[in-house]
Number of protein chains: 4
Amino acid sequence: MLLSASLELFAEKGFHSTTMDDIARGAGVSKGLAYNYFTSKTEILSKILEDRFSQIQLALKDKEGCSEPLDRLEEIIVRRLTHLKENPLFYRLYYALFLNRPTEKILQKLIAKTAAVSGELTKEMDHLFSQLGANNSEMEAVCFFSELQGVAIEFAISPKTFPLDDIQKTLIEKYRRLYGNNKTRDK
Amino acid sequence: MLLSASLELFAEKGFHSTTMDDIARGAGVSKGLAYNYFTSKTEILSKILEDRFSQIQLALKDKEGCSEPLDRLEEIIVRRLTHLKENPLFYRLYYALFLNRPTEKILQKLIAKTAAVSGELTKEMDHLFSQLGANNSEMEAVCFFSELQGVAIEFAISPKTFPLDDIQKTLIEKYRRLYGNNKTRDK
Amino acid sequence: MLLSASLELFAEKGFHSTTMDDIARGAGVSKGLAYNYFTSKTEILSKILEDRFSQIQLALKDKEGCSEPLDRLEEIIVRRLTHLKENPLFYRLYYALFLNRPTEKILQKLIAKTAAVSGELTKEMDHLFSQLGANNSEMEAVCFFSELQGVAIEFAISPKTFPLDDIQKTLIEKYRRLYGNNKTRDK
Amino acid sequence: MLLSASLELFAEKGFHSTTMDDIARGAGVSKGLAYNYFTSKTEILSKILEDRFSQIQLALKDKEGCSEPLDRLEEIIVRRLTHLKENPLFYRLYYALFLNRPTEKILQKLIAKTAAVSGELTKEMDHLFSQLGANNSEMEAVCFFSELQGVAIEFAISPKTFPLDDIQKTLIEKYRRLYGNNKTRDK
DNA sequence: TATGAATGAGCTTTCATTCAT
DNA sequence: AATGAATGAAAGCTCATTCAT
């Protein structure tokens, strides 16, 4: 309860503009009780990040099914955007943290961790794009990753108005058009 | 001087984590003098935003040259990413502000303004994509915009390591492949 | 149990640095239960003081035996230092309280009481020293009292390393040498 | 100014019972300004200790003059009690700290330092007492040291009523009587 | 009798802002 | 135009005390 109230406030107002009074009020408890559960405001933030972090890893990892590369690409897009759709607040907070790197050691570690995961994912995409016959699969992977990130951020900023489902379709279609013919071409 | 020092600090540490002492020290002036130039820390931020804002409008507006749609698309990408490359700090600050909406009225207005400009741009892109024969030109425009945003943010976060030039090429090539044949098809 | 745990903690960390959590944990009971026995943290402290206070009075009072003044002096030294050796924690707490006078009324009263007892004791010593032929028996008494106090504090601070037994011997010998010959001289 | 106000308050009420508001009010400045001078309440305390510490070392060190041992003993007593008379508040604070060892690292170090100095002094006294022909010069030194400490504490607790000058005389006379005849005896 | 979750007053500390110089 | 000492409101956090169970 406290964590979800905090997430909402952190995402909306930012970590620093959110006071412990805000959090306590938001969670319907006293400030003192909040400090029974967590030792500091920073710890609340890091717990939020940790909690979702494992989820994200599970949700986003390419399951390396035996399916076609293009299907896997689609699957990756869908999985990522679905997770995004279910956690808009978290992603908003997460990207905000990324943008102005916190000074706290713990948070820096967590952020570094997620960056490492993104790096891995990009490598996997690299492989996938090379399978799809991309000229420069590495750049293609980075580009793809940034693209998804961009969509994620736009949605995170205005989850109510951003047409995520349509964008998802558009994205998938785009990549199908880009790489759908390669194989036939190769033949 | 004061504005550029502030921009650097705001971008790096975030608005709230930057103190007026930091700013004064960074600009090599006294705190008192800073308050002769600006009435508040918030005003410094809003001046930074305003200053760049006109630039951005000039730099990014589609000049509606008579050239081919595909060339115009390329031009838009290049112009935007060039501007980004020249102002990484500003973009980092800008996106951070977008992510945790400030409570100050002035800042909210400025943000709303830039959002409006983005909206216009998206409309223009809509038109462009329809010229290019996109099925759903509106979504295509939003998607394109998000894509650029994503690249921008990735670069803003790590301007030294992100391969912006390569990504630019990749992006352009991608769109050329996506829409390059449409016309011939139409013929 | 609660009182002895409290004494240990108060003596070691000081009254203010000891929390009710510390006390409850130290005594192996819940915080709530501690408040069933005592109405406040201050009350715990005052009960500790009161409890030992009667002991002290009994233990230290000069029994005015019919023995020789010098023997009585020795007896007083022994009695006091023995009591000290058996209650190092209490003395440490007691002297600490004396040094920074607490603001609570109850504690002030208790401290005033013990001061009164010390005053009485000093008077008795005055009498004793005049029997022993001291020039300025009153100052001698105060001096003696301070001396014992000093030894007590040194021992209270580091009960494990301070050589109390040897010091006791030294003290006794010292006073025997100081006043041992007086009588014979007087003869 | 701030340091002396703090010393007064710390000595009177104890470190923990003194708030930064008390200190600021006592020094006639705002709380904020106090934090311009010192980074924390603990730092104020440690500065007080450090400041006086060098004084104490200078004031108390046995100058090892060529004079007679007994004269040197007297000199040591006089020097110490004079310094005490001039800094009653400091000594009160100092002894209080000694009694309930603070948890802060810096303070512990300072206290350890002073303890080391006391140790040295005791060694010097050991030497002096052996010169004076004491049976057990080490214990005699410890005893002497405790004695002075006891007088110091009594005075520190009630500087207005404790007859320090008379006690000083009494002490000196006592030691003269104890060791004054030794030499002649030896002859 | 016994618990520990819950409270809130009060503490230390920070920092945007002011102002005497 | 320029300084930085000074302010005070507000933040994070602690802990004696209460209370539902």
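Here is how names work: the chains are called A, B, and so on, in the same order as the sequence lines, proteins then strands, and each is numbered from 1.
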Are the side chain of B:K41 and the backbone of B:T18 linked by a donor-acceptor contact shorter than 3.5 Å?
-> yes

Could you state the OH-P distance from C:Y37 to F:dT17, rounded to the nearest angstrom?
-> 18 Å

Rounded to whole angstrom units, what separation is found between the NZ atom of D:K41 and the C1' atom of E:dG10?
-> 12 Å

Check whether more than 12 heavy atoms from other residues, nucleotides or ligands sit under 6.0 Å from atom CD1 of C:I106, and answer yes or no.
-> no

Please figure out whether B:G32 or D:G32 has its closest DNA chain F nucleotide nearer the 5' end.
-> B:G32

With nearest nucleotides of DNA chain E determined for A:K31 and D:S40 from heavy-atom distances, which residue corresponds to the more 5′ nucleotide?
-> A:K31

Please walk me through it: do D:H16 and C:N100 pass side-chain contact (heavy atoms from CB on, under 4.5 Å)?
-> CA-CA 10 Å; D:H16 280 102; C:N100 32 245; over 6 Å; no

Provide, to the nearest angstrom, the distance between the OH atom belonging to A:Y35 and the P atom belonging to F:dA11.
-> 12 Å

Can you tell me if D:E12 uses its side chain to pair, donor with acceptor, with the backbone of C:R101 under 3.5 Å?
-> no

Stems involving DNA chain F: give each as a range paired with a range, ordered by first number, where a stem means at least three consecutive Watson-Crick or G-U wobble pairs under 3.5 Å.
-> E:2-21 with F:2-21

Output, in order, the C-alpha distance, side-chain angles, deciding distance and verdict of side-chain contact (heavy atoms from CB on, under 4.5 Å) for B:L7 and B:R52.
-> CA-CA 11 Å; B:L7 170 55; B:R52 308 271 168 145; 3.2 Å; yes

Indicate, with yes or no, if the rings of B:H83 and B:Y91 have centres closer together than 6.0 Å.
-> yes

Atom CG of D:N36 and atom P of E:dT17: how far apart are they, to the nearest Å?
-> 17 Å

A:K47 and A:E43: side-chain contact (heavy atoms from CB on, under 4.5 Å), yes or no, with the steps?
-> CA-CA 6 Å; A:K47 279 283 188 294; A:E43 207 205 30; 3.8 Å; yes

With no hydrogens and no angle check, is any side-chain donor or acceptor of B:N36 less than 3.5 Å from a backbone partner on B:L33?
-> no

The correct set of residues in residues 2-21 of chain B placing a heavy atom under 4.0 Å from DNA chain E is B:T18, B:T19, B:M20

Give the rounded distance in Å between these two atoms: CZ of B:F38 and P of F:dA1.
-> 13 Å

In whole angstroms, the gap separating P of F:dA10 from CG of A:D22 amounts to 13 Å

Derivation of the side-chain contact (heavy atoms from CB on, under 4.5 Å) call for B:I44 and B:F10 | CA-CA 10 Å; B:I44 294 179; B:F10 289 164; 4.1 Å; yes

Whole-Å distance separating the CD atom of B:E43 from the P atom of E:dA16 = 15 Å

Roughly how many Å is it from CG in B:L33 to C1' in F:dA5, rounded to a whole number?
-> 16 Å

